[in-house]
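Let me begin by presenting the structure, written as structure tokens, before commenting on it.
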Amino acid sequence: MAVSRPLSRFWEWGKNIVCVGRNYADHAKEMGSAVPSQPVLFLKPSTAYAPEGSPILMPAYSRNLHHELELGVVMGKPGRAVPEAEAMDYVAGYALCLDMTARDVQDECKKKGLPWTLAKSFTTSCPVSAFVPKEKVPDPHNLKLWLKVNGELRQEGETSSMIFTIPYLISYVSKIMALEEGDIILTGTPKGVGPVKVNDEIQAGIHGVVSMRFKVEKPEY
């Protein structure tokens, strides 16, 4: 008997978390980075997922943990080398995500020319909201994202400002790696990224669509 895999709980069984860096020009500018001519990609493991109700754990090896607010695109069927014109047919829905980043560690990795794994892929580095079915988002390129830390507005941005569109990203990624049902693509963060510390509360949302709340905690080890 086949085991049911509801997309409403994609974080329990989805395999791949594909992240897009520097997909908003204002964020690239605030990080002192050039606007990319093609998508910058990195991966998180599925153990990075933190659904609402679980904490964000501060990595023991970091002293500068940053929030990065992102729209996540959840795949509804497998695809390889998906044509851009057909890409939206592969989308099941969306989720609001945080790409939690150990910024001090990332800075050191950049200086040494090393991958960003230590900075981006730790356990709970990908908090996610409830799943939002595709039908509830008529235009994913016309959404307003916001994030508050302890009630203070930190990030606010519009998905219309993405450098690379969702169909382009799906097509681009799927030409490099086959995508599977339940995979998610994080589409980049708008400007306003900044630090959080233990006991901070993060609230975030897509205006009129979904919201979520997380607390930053210290890991037990």
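For Lys148, the NZ atom counts as loosely surrounded, since its 6.0 Å shell holds 12 or fewer non-hydrogen atoms of other residues, nucleotides or ligands. Within a 6.0 Å sphere centred on NZ of Lys110, other residues, nucleotides and ligands contribute more than 12 heavy atoms.
There is a path of hydrophobic side-chain contacts, each under 4.5 Å, that joins Val173 to Val91. Linking Ile, Leu, Val, Met, Phe, Trp and Tyr residues whenever their side-chain heavy atoms come within less than 4.5 Å places Val209 and Met162 in a single cluster. With hydrophobic clusters built from ILVMFWY side chains whose heavy atoms lie under 4.5 angstrom apart, Val20 shares a cluster with Leu145. Following chains of ILVMFWY side-chain contacts shorter than 4.5 Å, one cannot reach Val18 starting from Leu7, and the two form parts of different hydrophobic clusters. One hydrophobic cluster, built from ILVMFWY side chains closer than 4.5 Å, holds both Ile56 and Tyr61.
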Hey, can you pull the donor-acceptor pairs under 3.5 Å for the side chains in residues 68-90, sequence neighbours left out?
residue: Glu68; atom: OE2; partner: Arg103; partner atom: NH1; Å: 3.1
residue: Glu68; atom: OE2; partner: Arg103; partner atom: NH2; Å: 2.7
residue: Glu70; atom: OE1; partner: Gly188; partner atom: N; Å: 2.8

Contacts table for residues 33-43: side-chain donor-acceptor under 3.5 angstrom, sequence neighbours left out:
none

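Both tests do not hold together for Lys15 against Trp13: distance to the six-membered ring centre under 6.0 Å, angle to the ring axis within 45°.
The shortest heavy-atom contact between Asn64 and Pro195 is OD1-CB, 3.7 Å. Taking both residues in full, the closest heavy atoms of Pro190 and Gly157 are given as CB-CA, 3.9 Å, listed atom of the first, atom of the second, then distance. Scanning both residues, Met58 and Leu65, for their nearest heavy atoms gives SD-CB, 3.5 Å. Heavy atoms only, all atoms of each residue included: Ile17 and Pro45 are closest at CD1-O, 3.3 Å. Residues Phe164 and Asn23 share a closest heavy-atom pair of N-OD1, 2.8 Å. Residues Thr189 and Tyr24 share a closest heavy-atom pair of O-CD1, 3.2 Å.
Looking only at side-chain heavy atoms (C-beta outward), His141 and Pro167 come within less than 4.5 Å of each other. With contacts defined as side-chain heavy-atom distances shorter than 4.5 Å, the pair Leu98/Cys126 does not qualify. Proximity of Pro140 to Tyr94: side-chain heavy atoms (C-beta onward) are separated by under 4.5 Å at one or more points. Residues Leu143 and Glu158 fail the side-chain proximity criterion, which asks for heavy atoms closer than 4.5 Å. Put simply, the side chain of Ile170 reaches to within 4.5 Å of the side chain of Ile185, judged on heavy atoms. A 4.5 Å side-chain heavy-atom check between Ile202 and Val196 finds at least one atom pair inside the cut-off.
Checked against a 6.0 Å centroid threshold, the rings of Phe10 and Tyr49 count as neighbours.
Between the side chain of Asp26 and the backbone N or O of Lys191, no donor-acceptor pair lies under 3.5 Å. Side chain of Ser121 to backbone of Lys44: no donor-acceptor contact under 3.5 angstrom is found. A side-chain donor-acceptor contact under 3.5 Å links Ser174 to the backbone of Ser171. With hydrogens and angles disregarded, no donor-acceptor distance shorter than 3.5 Å links the side chain of Ser211 to the backbone of Ala204. In terms of modelled atom types and a separation under 3.5 Å, the side chain of Thr123 and the main chain of Ala48 share no donor-acceptor contact.
Remark: the Glu52 side chain and the Ser129 side chain contain no N/O donor-acceptor pair separated by less than 3.5 Å. For the residue pair His27/Arg22, the side-chain donor-acceptor check at 3.5 Å is not satisfied. If you check the side chains of Asp183 and Asn16, you find a donor sitting under 3.5 Å from an acceptor. In this structure, a donor-acceptor pair under 3.5 Å is present between the side chains of Asp104 and Ser62.
Ion pairing between Glu201 and Arg213 holds under the 4.0 Å rule for side-chain N and carboxylate O. Using a 4.0 Å cut-off between charged side-chain N and carboxylate O, Asp99 and Lys120 make a salt bridge. Residues Asp200 and Lys197 are paired through a salt bridge, judged by an N-O separation under 4.0 Å between the basic side chain and the carboxylate.
For the side-chain contact (heavy atoms from CB on, under 4.5 Å) criterion with Leu147, the lone passing option out of Gln203, Glu152, Arg154, Met212 is Arg154.
From Lys136, atom NZ reaches atom CZ of Phe131 across 10.0 Å, with rounding to the nearest 0.5 Å. The distance from atom OH of Tyr172 to atom OG1 of Thr165, rounded to the nearest 0.5 Å, is 13.5 Å. Note that OG1 of Thr159 is 6.5 Å distant from CD1 of Ile166, once rounded to the nearest 0.5 Å. Here Glu217 contributes atom CD and Thr124 contributes atom OG1; the two are 9.5 Å apart, rounded to the nearest 0.5 Å. Put simply, CG on Leu186 and SG on Cys19 are 4.5 Å apart, with the number rounded to the nearest 0.5 Å.
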